[in-house]
Every structure is written in structure tokens, then in C-alpha cells.
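In what follows, every chain begins at residue 1, and chains take the letters A, B, ... in the order their sequences are listed.
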Amino acid sequence: METGNLVAKVIVDVPAKDTDRTFDYLIPDSMRPWIEPGSRVAVPFGKRTVQAFVISVVPADDPPKYRMRAIQELLDLVPPLSGDLVELGKWMSERYACNQIMALQVMIPTALKGKAERYISIAEQHELTHPQRTIQPNQGDELEWALLTDDGMSDPTERRIVSFIQEKEQVPLQQLSRRFPEEAEVIKSLLRRGVLQESQVIKDKLGKKTMKSVDLAIGIDEASTALEQFSTKAQRQREVLAFLLERSEFLPLSLKEVMTSLSVSAATVKALEDKGYVLLEDVEVFRDPYRGRHFKPTEPLPLTVEQQSVYERIIRQLDTREQGAYLLHGVTGSGKTEIYLQTIQRCIKQNRQAIVLVPEISLTPQMVERFKGRFGDQVAVMHSRLSGGERYDEWRKIREGRVKVAIGARSAVFAPFRELGLIIMDEEHETSYKQEETPKYHARDVAIRRAHQHGAVVILGSATPSLESYYAARSQSNDEFAPLLLEMPTRALGNTLPEVHIMDMREELRAGNRSMFSRALHNGIAERLERKEQTVLLLNRRGHSTFVMCRSCGYVAGCPHCDISLTYHQRSNNLRCHYCGYSEPVPQTCPECGSEHIRYFGTGTQRVEEELAKLFPGIRVVRMDVDTTTEKNAHEKLLKQFRDKKADVLLGTQMVAKGLDFPDVTLVGVITADSALNLPDFRAAEKTFQLLTQVAGRAGRHQLPGEVFVQSYTPEHYSVIHASRHDYASFVREELKHRRNLHYPPYCRLILVTFSHEQLPVLVRLAENYSATLQGRARQRGWFGNMDRLTSDVLDILGPVASPISRIKNRYRFQCMIKWRGNIDAISLAQQVADEMAESAQAQKLLISLDVDPQMLM
DNA sequence: AGCACGCCGACT
DNA sequence: GTCGGCGTGCTC
């Protein structure tokens, strides 16, 4: 059959608006069987070579409509993406208003982010293999004789450079310019004249790790014979051969292992290879971050009646192989994890794979242990603490079908499984599922979308579901993606939820207690010390960081380029800006008033630790915060220390609240329950409720009953009260009322539009212009502007106002908030108006960024 | 994003 | 006079 040329439509790795579309390239015949949607290729793009992803393969137009270039290179034998992920990328680009390339890039490990490396080599016709030397008079007044080749290279510098390159065949441009730093002009001229040529190769950030392996090159019988006839002189070689025979069933062995076991050198083995007895090969090894660790195998636990009915409901759906979504609302300790495990088991039995998403912070060894214990090496784990190489290897295990389960944070939702059957999202309400950088996607929405593509089941699990999910599940709107609500109101082990006491700190103050501990919490800790039980103390300080302030005049050290206070870093003992990286030493005296009373404030955990030491001499405290968990595995070490009862108190920020499960913890204290309530965030109450509920669930999970003390300055607040009663339903009822009145999600959706520009007046004018234009367009389309109106299609735009951080890197920032609801195309209109503005000449240097369904409003 | 082309200020 | 500043336009 005569087939015409094939063309690959690709998205190039150039994140710009102009290039956010497909480009067409001819597929060379040799690559034809390999190129498919999701392949990663190198293509010539203008003067450069760039990386690109194949979106589709189509027959070429005949005759071609325009000049077309060919794909230069195929970068992976197994495509890093697949057709469905490419499609998901397209959906993300629309949903989150980002370039397609950004959406595709976020799906693959950074190790594969290839960049062009430029190599210089000698053009073939200029090879100096047989330089024909001629002597000619040089141009000029004086008669000077110069050495010339047929290249016409008269300059000795040129000759030096050319022979340097010739020796190595090709030299990375970078290396060449380092070697000849002064001769850039000469090199340029040689390139111009065609003596040298440049080639560009896409090079990945990281290669595969390989290991030398030893295998028998001959059959076992043959080897045995060879062994008998072995020369007595080569005793060491004989040993090696005998060793290999002995372990023939484990071949190939690693060279290292052979060398250490027999204490022979590599040369000995090499000699055997030369004789043709053994084979030395480079085999790929997977860097396994959990290698050498033993996970205690676990068997499925018997389910309670409650668990059983939930489990059956889910697997019934799983068995249909059609997409379905469930919101599993189960109190802390209701045994959600066991349901996850057994559902996964079912999924594996169907020959499908499962993804487990957990918030980064709760991806603790305990969590990993439970999954590795049940599914062993069928599990790949991905989290931010892994090195780039480790993450790459875990990802490859998934792509190559070597594992059946992927467990990881947000980005694991893109795990490249072929037959995805199940996606589990634990702690569904966690904000870390929203990526704050472009592409600003929400893993929950991506998960549901992806499940739809695969006919897979999604389980969203939480003790405190987000209002968005809960509302969607409860109202069972006609949204086909709305999850079905499943409730598990009782604890699996039958023990009761701990008693929660609210301590009114205003009253403590009135009673003359100026300490950070209420009298009741103080007594509680003392009792635990006596009974040799453990205490977890939580300091809720969301939205604060360690800053330097003068106690005399109130001066706070701020960044000169950004409108933000500088953060104190203990390790380097300096102040740093979180946004631009600016740093300066810690001032000894106040730059404003000269006072010496200038100190750092904020972290608080240190102060709590000091206070504990003062009140309870000899108390052993494990402090867990950003300062103590920066180094690798610190998290794990600290927890182990606490688990082994080498400490009485675990003191920390947010990170102690999640998923930890210690049998001897009978007291949980929250030192400042409501510090998040005052933040300008419509989710403040929800966040506070979630945190208090989570932390309350840490106590008394086993035989010993637990007690929780919550210290608050606003003890009458409904989030504090309902959390103390473990009453999610009442909290939701009250919170939904507020959301409805104030027109916040889940009663509408939000888009945060941020503008930035170097000049404030220009910025304000442009931001206002945007707001007005969008408003006008929305009206034209018949979308109403008043949220109060009882109509479905509404778009309201608030602002512009200065952003909470009004300047970053010397660029001023303003923002608008779009509220919308109904079956309208609000996202694409908001994006379209932004694009139009960016095109206009007066708006040059203006940056506009959209955040669809923002989690952080600051 | 790069990289080229193209048109105006401070220097050998 | 030229080196080089960065505006602007394009990439199958």
C-alpha cells in the first residue's frame, strides 16, 4: 500500500502566547513506527533546536501548504506521555488558562526537561586530516610568510582552536568558550565562514543510572566443563567462575557484589570476559528510595459493617468500569485507609492500576509503610523529598508498568498508568492540592477529569470535606462529575472521639495567668508527665513567619523590592525575602531609631519550647517546624524519636496535625486555635474548623482515652464550638449560610486576576481598563452583573484593588476578583480580554495572570 | 522564550 | 565613523 508522508503536530517547549499552538513537522521514515501522541522529540525551531511533544500524527497535505521541516530526533523510546494525557493537557490549558506546554511539562519529572546543548564541530569539508600546506605571502606592506591550509586559515589562533576541536570531534560550546575565553570573535568568524559548524542536541537534565553486571556468556554445562579445565595459574578467575555457577539462578549479578564477595578486582572479571566466559553489561538500575527497608506485610483487616457497606458500594461501581466519584466523609479513625487498601486490591485484581493522592505534609513514613506493607514492591512513591533521580526512577516504574499503585502528592495525579481504575484522594480538603504556580491546577478536578477518560472511580476522603465537594455531593446537582456522598460517622475500633475543652484565654488573663498555657492545659501536661503518657502541642500560626521587629519603634525589616517583611533564617543568620531572594544581615540596632531592642518574632515554637523547659524542668520536647525539618529525613527521625517514647511532648506547627497516629498520646493541646480566623480569607473559618478537627482526632486513637485542650481568644466562634463537638454537619450548615449571603464558593466560582507593572499609575489605568472591558463584554453576552439576582448566568467583577502583597521584584501588583456562576464561558472570556490587552501597545510590559478557583486570596 | 534584524547614543 | 543598546517580529 502506498502511503504518503506523515506529519506530527507538536507543541514546542516555548512557553509563550504566540507559540501556544501546534506546529507541523515531517516524520522521517526511520521514526515512523515510534512516533505517537505523547512522544517527546527534538525539532528545529527557527534557529534553535527545541524539545516538543507530539499531539497527533496526520497524513501530510499533498501538495504541502507550507514549508515544513523534519523532526530531528526522537528523545525517548517509550513516550513519556500518552494520548489521554495529551488530551488532559489540552483540557487543563483551557480550564486553568495556561499554555498547553505548561500543562504537559507538569506531568513529567523534571529530569526529562531537556534543553538544547550546543556543540561545535568541524565542517566535513574542512577536516584537517591532510592539511595541504602552502606558503604564500601575506597581504600587507611587509612581505610576511604565513602558513595556510586550503581552508585559508592563516591565523595561528584559528588553527589552535580548530585542532583543539578536531581532537575531540565535537565540543560543547560552553566548554569551548571556557577554554578560549578571549577568542569568541575568532570562533564566531569560523562559524560564519563555515569552517566550524554548530549542532544542537536536546539533553535531559538527568540520565539513567546504570550498573555493571556480570552474566555467564556460555551455558551452565559448558561453564562447568570450562571450570574443570581451568588453568591453575588463574586461580582468582576460577573462583569467580565457580561463584557465578553457584548462583546461576540469580544471574546476572552486580559486578560490585562479585567483587566484594570474593574480594577480587574488576580486572579479574574483565579477564574472564576477554576469554569469552562471562558478559559484562551496563544494566539500568532503579534508584529505590526505600531499598533495603523492610515493610511488615499486612493482610486485609476485617471490615466493620459501616466500612463494608461503603466498600461494597464503591467496588460495585469499580466493577462496571465506568467513571464514578465518591466523597467519603469519615470521622478521624473511621478506617478510611483500610477501605482505600481493599479497593485498590480489587482494582489490581481487575488488572488496572490505582493512584493514591495524599497531601505532601502527610506523606509520612507511616503512610508509605501501610501501602508498602500491603502491596510491597508494586508501589511507587513520589514526593518532594526525593531527589530528582529518585523521582524519575519511580515515575519510570509506573510508565513501564512495573508497579500497580502510585502514591504521591498533587502531581502524582498524572502518574502515567495505561489502565487506570482508581484514584484516591485522601484529605480531600487540603489546600496543597491546588498548585500555586502555573499551571494553577487543582488535583481534585484533574483527578475527576482523568477518571472520566479512563472509566475509573474517584474516592475523595476526608473527615472534614471541603465545602465545595460536600455541597456538590449533597445537592447532587445535574453535574455529571458531582461525587456521591458516603458517610462513616463512627470510629472503626469503637472508641469514642476525645473530649474537647475550650479554654477562654481572655478569662485566663483576667484571672492573672499571663503564661501561654491555660491552667487546665498546664495541669494536663503535668499529669501526662506523671503517667508517662505523651502530649502533642500544636501552634497554629498560619500566615505568619519569623520577622524582625524593633520593640521601641515598631520598625519591621522589609524587602526593598517587594512589599513584604523579610524572613529570619536561623541557619545563615540573615534576613531573606521569600519573593525575590534578596538577603541582608540581621541588624544589631534598629535602622530607624537606633534602639538595641530589635528582635525576631514569629516562629513561636522556640518560645513555647523555652516556656515548657521553664515550667517542667527536665521535660523532653521534640520540636517540629520549618527550622528543624529542613534536612532530609529530619521529619522521619523526629517522629521516630517521639514514637519510641524518647520525648514527652511533640511540639509543632500544622505538620503535627496530619495523619499521625501514636498509641500513647492522650493529650492534645492547641495553643492558639484562632490565629487564622483574622486572616482576610473567606475560608478562614473552614480552615480553623478543619485544623481543630484534625488535631482533635490525634488523641485517644487506641486503648487510652484522649483529651483535647483548645485555647482560644474567640471561644464563641462557631468554627471553634462545632469543632469541639466534632459536629461537621452543624458547622457546614452555618458556614454555608455565610457563603450564600456573601456570594462565595460553593455558591459561585472565582477567578483571581493579578496585574503587575513597573509603574503604578500605568498599572492602575490598565487594571481598571481590564475590569471595565470584561464587565462590558459580559453584559453584551447577556450575563448579569448582580450576584443577588436569582438568575443562573452571572459574572461580577470586583476591583481592581492593590494586591495584599502590593509589590514583588519592583513590580506593582493589582488584582480583580471575578465571581461567576451558571453555564457560561467565564474563564475563556477572562483570558481573552487579558490576551487582547497584552497585545495593545500601551499595555506593553504588563503581566496578567489568572488563577481559576484560587485557594489563596493573598 | 531566544534569536535576528533594525535603528539611535557614547566611545576607540 | 562603529559598538551596542533593546524594541519588535517570527518560529512548521
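For Phe814(A), there are no ring-ring contact (aromatic ring centres under 6.0 Å, His included) partners two or more places apart in sequence or in a different chain. In this structure Pro854(A) satisfies the side chain to side chain contact (heavy atoms under 4.5 Å, CB included) test together with Leu750(A), Leu752(A), Asp851(A), Leu857(A), sequence neighbours excluded. Every residue was checked against the side chain to side chain donor-acceptor pair (under 3.5 Å) condition with Ser56(A), not counting sequence neighbours, and none meets it. Remark: Lys113(A) pairs with no residue by the salt bridge (charged side-chain N to carboxylate O under 4.0 Å, His left out) rule, at least two apart or across chains. Applying the side chain to side chain contact (heavy atoms under 4.5 Å, CB included) criterion to Lys115(A), with sequence neighbours excluded, gives no partner residue. Checked against side chain to side chain contact (heavy atoms under 4.5 Å, CB included), Ser828(A) has the following partners two or more places apart in sequence or in another chain: Asp825(A). Applying the salt bridge (charged side-chain N to carboxylate O under 4.0 Å, His left out) criterion to Glu198(A), with sequence neighbours excluded, gives Arg118(A). For Ala772(A), there are no side chain to side chain contact (heavy atoms under 4.5 Å, CB included) partners two or more places apart in sequence or in a different chain. In terms of the salt bridge (charged side-chain N to carboxylate O under 4.0 Å, His left out) criterion, residue partners of Glu94(A) (sequence neighbours excluded) are, by chain and number, Lys90(A).
In this entry the distance linking CZ of Arg118(A) with P of dG2(B) reads 11 Å, nearest Å. In this structure, NZ of Lys115(A) is placed 9 Å from C1' of dG2(B), rounded to the nearest angstrom. If you take NZ of Lys845(A) and P of dC6(C), they are 10 Å apart, rounded to a whole angstrom. Protein atom NZ of Lys17(A) is 18 Å distant from nucleotide atom P of dG2(B), rounded to whole Å.
Within residues 91-98 of chain A, no residue is approached by DNA chain C to less than 4.0 Å at the level of any non-hydrogen atom.
Here the closest non-hydrogen pair linking Ala103(A) and Cys98(A) is CB-SG, 4.2 Å.
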Could you list all N or O pairs between the protein and nucleotides 4-8 of chain B that sit under 3.5 Å apart?
residue : atom : partner  : partner atom : Å
dA4(B)  : OP1  : Lys47(A) : NZ           : 3.3

Heteroatom pairs (N/O) under 3.5 angstrom, protein to nucleotides 10-12 of chain C:
residue : atom : partner  : partner atom : Å
dT11(C) : O3'  : Gly46(A) : N            : 3.0
dC12(C) : OP1  : Tyr25(A) : OH           : 3.2
dC12(C) : OP1  : Pro44(A) : O            : 3.2
dC12(C) : OP2  : Arg67(A) : NH2          : 3.2
dC12(C) : OP2  : Arg69(A) : NH1          : 2.8
dC12(C) : O3'  : Asp24(A) : O            : 2.8
dC12(C) : O3'  : Arg69(A) : N            : 2.6
dC12(C) : O2   : Asp24(A) : N            : 2.9
dC12(C) : O2   : Tyr66(A) : OH           : 2.9
dC12(C) : N4   : Arg21(A) : NH1          : 3.4
dC12(C) : N4   : Arg21(A) : NH2          : 3.3

